[in-house]
2 protein chains.
Amino acid sequence: MAITIKDIANKAGLSPASVSRILTNRGRFNEDTAIRVRELAHSMGYLKNQSAADLSQQKSRIIGILVPIEHTNFADEIIKGMQNKAHEFGYELLITFIDVNESQQIQTVQSLLSRQILAIFMLAIDMSPAVFKLLINSKVQLLSISNQLDSQIPSISSDNYVMMKKIVDYLVSHGHKKIALIGSSSQFPIVAQLRRQGFIDGLAAHGISYNPDFIWGTTLSYQTGLETIKHFGLPLPFTAAIGSADIISIGLLNSAKDANLDIPNDLSIISIDGTELTQITRPVLTTIQQNFQLMGELAITTLHENKFTEEKVIFTKTKIVPGKTVAINYESI
Amino acid sequence: MAITIKDIANKAGLSPASVSRILTNRGRFNEDTAIRVRELAHSMGYLKNQSAADLSQQKSRIIGILVPIEHTNFADEIIKGMQNKAHEFGYELLITFIDVNESQQIQTVQSLLSRQILAIFMLAIDMSPAVFKLLINSKVQLLSISNQLDSQIPSISSDNYVMMKKIVDYLVSHGHKKIALIGSSSQFPIVAQLRRQGFIDGLAAHGISYNPDFIWGTTLSYQTGLETIKHFGLPLPFTAAIGSADIISIGLLNSAKDANLDIPNDLSIISIDGTELTQITRPVLTTIQQNFQLMGELAITTLHENKFTEEKVIFTKTKIVPGKTVAINYESI
DNA sequence: TTGAAAGCGTTACCAT
DNA sequence: ATGGTAACGCTTTCAA
C-alpha cells in the first residue's frame, strides 16, 4: 500500500487537509510546518495519487494530443514545442495516435474525454464528422494545429495563403512562369484549398494565368512526388515545382534523378515545411520553412492564458530557406 | 455536470452497483436489464469517469511509454505496433517524450507513477541512475524495447550480437575484408557493446583481425555519418562501412557523394535498422532490417499474458534487405 | 439478480 | 493557521 496524505498527516500530527494545502501550495499554512511536511513527504517516499486529485477537483491538467498515425515528421517538432511549455506550466501531455479507422478514432477520443481533460489539440488532422460531433459536444477546449478546420475551432498554423504567394513570388523572381503545385489538389484539408488559392492569386498578381493541369496530386506522400515526372512526361511542361510537403519534394527529387534530369537546371523544386529531412537530400532542398516548434509553444501558452476566446486564428511566420534546388530560368527572361 | 452512474441508476430504477456491474461486464446481472441499461447509458451520453474508476480499483490500464525526445524514426514503428495491440486489449498508452535533462526526466516519471500505471516501456533509452532507481523502487512492470539494460529488466530487441555477425558475413561474402563500423564506439547503450563484439567476433570467424581504428563514431546521428569520410581521409582505408543507424548511413552516403566517391564501387554501405528512410536515398541503401512493429506488438501481448517473469530477453528477427549500396569487392578476391 | 454501504486518496468548505 | 468532514464517481463486498 502506497503512502498517502493521511499517513503523512499522522506522522506530522496534522490533519490531511493541512498536508494537502501544503503539498499543493494552496491556501494558508505556516511555513515552518510546511518545511517539515515537505521533508516528511519526501523521506516517506510519498507520491500523489493523481486520479484521486483529478476526481476531487473534477478536472485534470491533461492535454490530449491527437496525432495522425501516419504522421509527418513535423508532428515531432510541434510536440517538442508543446512539451517545453507544458513542463513549465505543469500540464501533462497525453499523446494519442489515431488512424483512419473511425471506430478506433471514436474509442480513442472517448478514452481521452473520460479523464476530464483540459483540452484537445489536433495535429494536422481532418476529423470525420462523427468524431467531430463528439468533440464539439464534449465542451473541452479544442485547437487545431498546422491545419484549419471549422471556423468555430481555434487554430494555430502558418498563413497558407500568404505562404503560397511568397513561394510564387520567389519563383517568379527567379524567372519561372510555368510552375506546378504538387500534392495539394484534394478537397480536404482546408489547407489544400488555401494553398491552391494562394497559388492562383500569386500567379495572377504577376499577370500569369494558371494552368489547372499543373495542380496535381492528392496525397502528401512520397509516392505522389515519385509519380510526378511520370505523370507529366518529358520534357516537363513546367520549369519549377512546389512540393506541398517535404516528403513529396524528396520523391520528386528522386524521380527527377531517376529520369536523369539535372536539378535544378532542368527543374527547380521548392519544398513546403522545411523540416530537417530537407537537409539530407542532395542537392539540399530549397524550402519555405514553417515554425512548427513555435506553433507547439503557442498552443500551450495561449491555452494557459486562456486567450482562445479572443483569438481564433493564430499564424506563425514562414521563411524561405534557400537550398540548391532553385535555379534562375534564363529562357523566360 | 456530467452524467454519472447514479443518474443512470435512478432513471433505470436500479442501484449504482448494478449499473456498474453491467457497464463493466463484471459479476452477475440480468441480460434484459443490461440491454436496457446500456441503451440508457448511450442515450444519456454517459461517459465513464476513468479517474474515479482508477481510484476505486487502485490501478489503471495505462501503459507509460518513454520515448527519447530526439527519437529515431523507428520509435514510431514500435508505437504503431503497440497501438494495434493496446487497442485490442483495452490498454491506454501514455506516451511521454523525455529529454536528457535529468530533473525533467524525474518529473516525467513521477507524473507517470502517480497514475497507478500498469507498466512502463522504455524505447531505446538509457536511464540516468537516479531515474533508474525511481523506476526500480516503483514496483511497476518495466520493459526496455530495442535496447537492453540491466539484466533484471526484461527487454525486447533484435539480437544485436548475432545481427552484427550476419552483417559481417554478408560483407565478407561480397569480398570485403576491410570493414568499418560507424556510430557504435560509445560505452552506452549496451547495444553498442554487443554490436562491437559481434563485429569483432564476426570478423574473427573469417580469420580477419579487426582494426580498432575502424570502429569510430559515438553518436547515432546524421552528423556522425557526415564526418566519417573527413575523419578517415581519402583514399579510404576500408572498402565497406556499417552505419549503426539509418540516419548515420544517410550522412555517410551524402559525405561520400560530396567527396565524389562512387557508391557502391568506391565504398559499400550497409545500414542498421532499415526504416523507410532508407528507401528515399539514391542509391537506395542496403540494410539489415529490424522488426520494430513486432517489437511493439510483443511488448503488449507479453504484458497482457504476464509472461515477463518467465522470459526476460525476447528477440525479434532481423533480415538483410539488399539495396544498391553494397558491391562486390573484386580486389580482395 | 440486485442493493446498501464502505472505501479509494485528495480537495475544499466551513469552523475553530 | 489548522482541523473535521463531505464530496468527487466508481467498484466491491456482503447481505438480501
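Below, chains carry the letters A, B, ... as their sequence lines are ordered, and counting in each starts from 1. All values below come from the heavy atoms of this structure, side chains included, with hydrogens, waters and symmetry mates left out.
- The CG-P distance, from Asp54(B) to dC8(D), rounds to 19 Å in whole Å.
- One finds the CG atom of Leu113(A) at 11.5 Å from the OG1 atom of Thr108(A) (value rounded to the nearest 0.5 Å).
- Among pairs with a residue in residues 79-116 of chain B, those fulfilling ring pair (Phe, Tyr, Trp, His ring centres under 6.0 Å) read His71(B)-Phe97(B), Phe89(B)-His304(B), Tyr91(B)-His304(B), at least two apart in sequence or across chains.
- Counting to the nearest Å, the P atom of dG3(D) and the CD1 atom of Ile8(A) are 14 Å from each other.
- Remark: P of dT12(D) and CZ of Arg28(B) are 14 Å apart, rounded to the nearest angstrom.
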Dump every N/O contact between nucleotides 12-16 of chain C and the protein below 3.5 Å, one line per pair.
from, atom 1, to, atom 2, distance (Å)
dA12(C), OP2, Arg26(A), NE, 3.4

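- Side chain of Ser158(B) to main chain of Asn160(B): no donor-acceptor pair is present (N/O by atom type, distance under 3.5 Å, no hydrogens or angles).
- In summary, the side chains of Glu102(B) and Ser128(B) do present a donor paired with an acceptor at a separation below 3.5 Å, with no hydrogens or angles considered.
- For Lys48(B) and dT11(D), the shortest distance from a side-chain N or O to OP1 or OP2 is below 4.0 Å.
- With rounding to whole Å, Ile5(B) atom CD1 is found 11 Å from dT12(D) atom P.
- Inspection of the Ser103(A) and Asn101(A) side chains reveals an N or O donor paired with an N or O acceptor under 3.5 Å.
- The listed nucleotides are dT2(D), dT10(C), dG9(C); the one nearest the side chain of Tyr46(A) is dT10(C).
- Counting non-hydrogen atoms under 4.0 angstrom, Leu55(B) reaches a base of the nucleic acid.
- The phosphate of dT10(C) (OP1 or OP2) has no side-chain N or O of Gln50(A) nearer than 4.0 angstrom.
- The side chain of Ser51(B) contributes no N or O atom lying less than 4.0 Å from OP1 or OP2 of dC8(D).
- Here the P atom of nucleotide dG3(C) and the CG atom of Asn30(B) are 11 Å apart, to the nearest Å.
- Evaluation of the side-chain hydrogen bond (donor to acceptor under 3.5 Å, both in side chains) rule for Gln57(B) yields Arg26(B) as partners, not counting sequence neighbours.
- Summarising the geometry, the separation between NZ on Lys59(A) and C1' on dA7(D) is reported as 16 Å, rounded to the nearest angstrom.
- Comparing the axis of the opening five pairs of the helix from dT1(C)-dA16(D) to dT16(C)-dA1(D) with that of the closing five pairs yields an angle of 30°, rounded to 10°.
- For Asp54(B), the side-chain hydrogen bond (donor to acceptor under 3.5 Å, both in side chains) test picks out Arg115(A), Gln50(B), with sequence neighbours left out.
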Could you tabulate the donor-acceptor pairs under 3.5 Å formed by side-chain atoms of residues 139-149 of chain B, not counting sequence neighbours?
from, atom 1, to, atom 2, distance (Å)
Ser144(B), OG, Asn147(B), O, 2.6
Asn147(B), ND2, Ile125(B), O, 3.1

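- Ranking dT11(C), dT2(C), dC10(D) by closeness to the Ala53(A) side chain, first place goes to dT11(C).
- Both Ala52(B) and Leu23(A) lie close to DNA chain C; mapped to their nearest nucleotides by heavy-atom distance, the more 5′-ward contact belongs to Ala52(B).
- We find that CD1 of Ile3(B) is positioned 14 Å from P of dC8(D), with the value rounded to whole Å.
- Of the N and O atoms on the side chains of Thr33(A) and Arg36(A), not one donor lies less than 3.5 Å from an acceptor on the other residue.
- With hydrogens and angles left out, the side-chain atoms of Gln107(A) and Ser111(A) include no donor and acceptor closer than 3.5 Å.
- The NZ-C1' distance, from Lys6(B) to dA5(C), rounds to 11 Å in whole Å.
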